[in-house]
2 protein chains.
Amino acid sequence: MAAGQGSAAGEAPGQRELPADVRHALEAADARCTRAGAQLTALRRQVLALVLESDQPLGAYALLDKLKAQRPGAAPPTVYRALDFLLEQGLIHKVERLNAFVSCVEAGHDHARHGGHHHPHQFLICRDCGLTVEISDHAVSDAVAEAAAKAGFTAVHATVEIEGRCAGCTAAHQG
Amino acid sequence: MAAGQGSAAGEAPGQRELPADVRHALEAADARCTRAGAQLTALRRQVLALVLESDQPLGAYALLDKLKAQRPGAAPPTVYRALDFLLEQGLIHKVERLNAFVSCVEAGHDHARHGGHHHPHQFLICRDCGLTVEISDHAVSDAVAEAAAKAGFTAVHATVEIEGRCAGCTAAHQG
DNA sequence: TGCGGTAGTGTTACTGTATAACAGATTATT
DNA sequence: AATAATCTGTTATACAGTAACACTACCGCA
């Protein structure tokens with residue numbers, strides 16, 4: 001059974017109803033891909049939608065399970081290829097400590113602030129509740145670049161993932 | 001065949017000759033464990049020695065292969081349990097991007113400078129030659145702690161892994 | 001209009017990374 | 001000895017990621 005990549009920006013068979021903010025983010029992602037000369041195909045769109053819908057990082061196999069509801073024949077390469085594409089386009093980020101993926105363009109936000117993909121970013125991960133927040137702190141990325149330079153390294157990318165306790169869990173444990 | 005955790009600091013069957021700096025680091029690690037109320041058993045000592053001997057990060061299964069020479073029945077849990085212990089004691093660090101482990105107390109160095117385990121550290125990883133260097137940059141760790149605090153997080157640990165190109169490879173590519 | 005190139009997906013099989021669960025063994029303590 | 005705590009052996013399995021090849025759709029073009 002073949003795929004059909006035709007209606008890239010459009011309605012895949014088995015399309016579900018999506019929240020307005022997710023639909024909006026998908027449209028923005030689509031426009032961005034088009035600008036970059038890339039295609040946000042139905043499959044990639046479905047995977048991105050799954051990541052956007054989730055409020056926390058999703059592993060590749062969790063995504064695969066969800067994807068199978070819409071696309072029964074899906075296998076690991078199906079989801080990994082889509083994830084690779086979305087990573088390249090800067091539409092999602094990977095949380096290394098969790099082997100999981102989060103959307104980069106926050107649903108409902110305009111991502112134009114960062115002028116495109118691959119901006120420096122950091123993750124904050126709560127050990128208690130699993131809450132994962134992405135930030136983009138210039139003091140951190142500057143310090144990282146400088147530390148690398150000091151050691152003779154030319155920094156290309158930095159993985160910064162901070163584990164600790166979020167405000168909510170800190171409050172809960174003090175009460 | 002049973003293990004025998006008795007002579008923790010001593011001679012395991014099948015003990016190999018080790019460089020003096022490794023032996024010295026092992027003794028320091030042993031003392032440190034004792035102080036912490038933990039036991040550096042023969043198995044853990046063997047795994048630590050393997051990590052100390054290597055000049056680059058080693059994956060768990062690479063360690064397992066090496067370990068099998070001394071301990072034929074070794075299986076994944078054998079090495080993972082030892083690694084977990086060594087990580088807890090701050091004797092090794094994990095490089096998340098490589099799924100690999102490096103010794104924290106550099107062989108031949110006195111580790112007293114850091115006053116114990118779990119000091120903030122960062123990795124520099126060369127994409128070309130794989131060279132991995134551990135640094136301990138206060139500007140980075142301070143910026144990280146502050147960024148976390150700004151978001152209401154209490155930072156416990158930060159994974160900072162900087163990918164790029166080392167001085168040697170930069171020079172080689174310019175020639 | 002049929003050819004060939006590119007891109008995307010389906011499919012099978014596999015390698016690599018990590019852990020669960022239970023059994024046996026050792027040591028310290030009672 | 002009995003007990004508990006800790007460590008290790010052992011089997012099996014879950015989770016993460018990739019290789020390789022087949023097939024389809026689209027595009028440009030002679």
Side-chain angles (χ1 to χ4, degrees), chain A residues 1-10 12-14 30 33-34 36-48 57-68 70-89 92 94-101, chain B residues 1-10 12-14 30 33-34 36-48 57-68 70-89 92 94-101:
Chain A
M1 189 186 299
Q5 72 193 70
S7 54
D30 194 15
C33 287
T34 303
Q39 301 178 54
L40 189 66
T41 62
L43 169 62
R44 292 162 176 173
R45 205 181 156 87
Q46 285 174 323
V47 173
L48 178 55
L58 281 178
Y61 281 67
L63 279 166
L64 178 56
D65 282 345
K66 289 174 185 288
L67 185 61
K68 277 179 178 166
Q70 305 166 249
R71 202 175 270 257
T78 312
V79 62
Y80 276 106
R81 285 194 285 231
L83 289 171
D84 285 345
F85 173 86
L86 297 171
L87 284 169
E88 271 169 28
Q89 297 301 316
I92 63 173
K94 181 175 181 185
V95 187
E96 297 287 337
R97 298 281 312 198
L98 307 177
N99 292 320
F101 303 85
Chain B
M1 187 188 301
Q5 74 195 67
S7 56
D30 193 18
C33 287
T34 302
Q39 302 178 55
L40 188 66
T41 62
L43 170 61
R44 292 162 176 174
R45 204 180 157 88
Q46 286 174 321
V47 173
L48 178 55
L58 281 178
Y61 281 70
L63 279 166
L64 178 55
D65 282 345
K66 290 174 185 289
L67 185 61
K68 277 179 179 167
Q70 306 165 250
R71 202 174 270 258
T78 312
V79 62
Y80 275 105
R81 285 193 285 230
L83 290 171
D84 285 345
F85 173 86
L86 297 171
L87 285 169
E88 272 170 27
Q89 297 301 317
I92 62 172
K94 180 175 183 184
V95 188
E96 298 285 337
R97 300 282 314 197
L98 307 177
N99 292 320
F101 302 85

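Owing to the predicted nature of the structure, the values given are computational and were not obtained by experimental measurement.
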In this structure, how many angstroms lie between the [atom2] atom of [N] and the [atom1] atom of [X], rounded?
X        : N      : atom1 : atom2 : answer
B:Glu96  : C:dG16 : CD    : P     : 20 Å
A:Gln39  : D:dT24 : CD    : C1'   : 14 Å
B:Leu64  : C:dT19 : CG    : P     : 14 Å
A:Leu58  : D:dA16 : CG    : C1'   : 15 Å
A:Gln70  : C:dG10 : CD    : P     : 12 Å
B:Arg97  : D:dA16 : CZ    : C1'   : 14 Å
A:Leu87  : D:dG17 : CG    : P     : 10 Å
A:Phe101 : D:dC15 : CZ    : C1'   : 13 Å

From [X] atom [atom1] to [Y] atom [atom2], the distance as rounded to the nearest 0.5 Å:
X       : Y       : atom1 : atom2 : result
B:Leu83 : B:Arg81 : CG    : CZ    : 11.5 Å
B:Leu43 : B:Arg71 : CG    : CZ    : 4.5 Å
B:Leu86 : B:Lys94 : CG    : NZ    : 13.5 Å
B:Leu63 : B:Lys68 : CG    : NZ    : 12.0 Å
A:Tyr80 : A:Leu64 : OH    : CG    : 9.0 Å

### Task
Respond yes when some side-chain nitrogen or oxygen of B:Lys94 is under 4.0 Å from OP1 or OP2 of C:dT17, and no when none is.
no

### Query
Think A:Thr41 has a side-chain N or O under 4.0 angstrom from the OP1 or OP2 of C:dT9?
yes

### Query
DNA chain D: A:Gly59 or B:Tyr61, which has the more 5' nearest nucleotide?
B:Tyr61

### Query
Which residues in residues 76-86 of chain B have at least one heavy atom lying under 4.0 Å from any atom of DNA chain D?
B:Pro77, B:Thr78, B:Arg81

Where the side chain of [X] is defined as all heavy atoms beyond and including C-beta, which of [options] is the nearest nucleotide?
X       : options               : value
A:Leu43 : D:dT8, C:dG10, D:dA16 : C:dG10
B:Arg71 : C:dT9, D:dT8, C:dT12  : D:dT8
A:Asn99 : D:dA16, D:dT6, C:dT17 : D:dA16

### Query
Do A:Thr34 and A:Leu40 come within less than 4.5 Å of each other through their side chains, counting heavy atoms only?
no

### Task
List for me each residue that meets side-chain contact (heavy atoms from CB on, under 4.5 Å) alongside A:Lys66, sequence neighbours excluded, and say none if there are none.
A:Leu50, A:Leu58

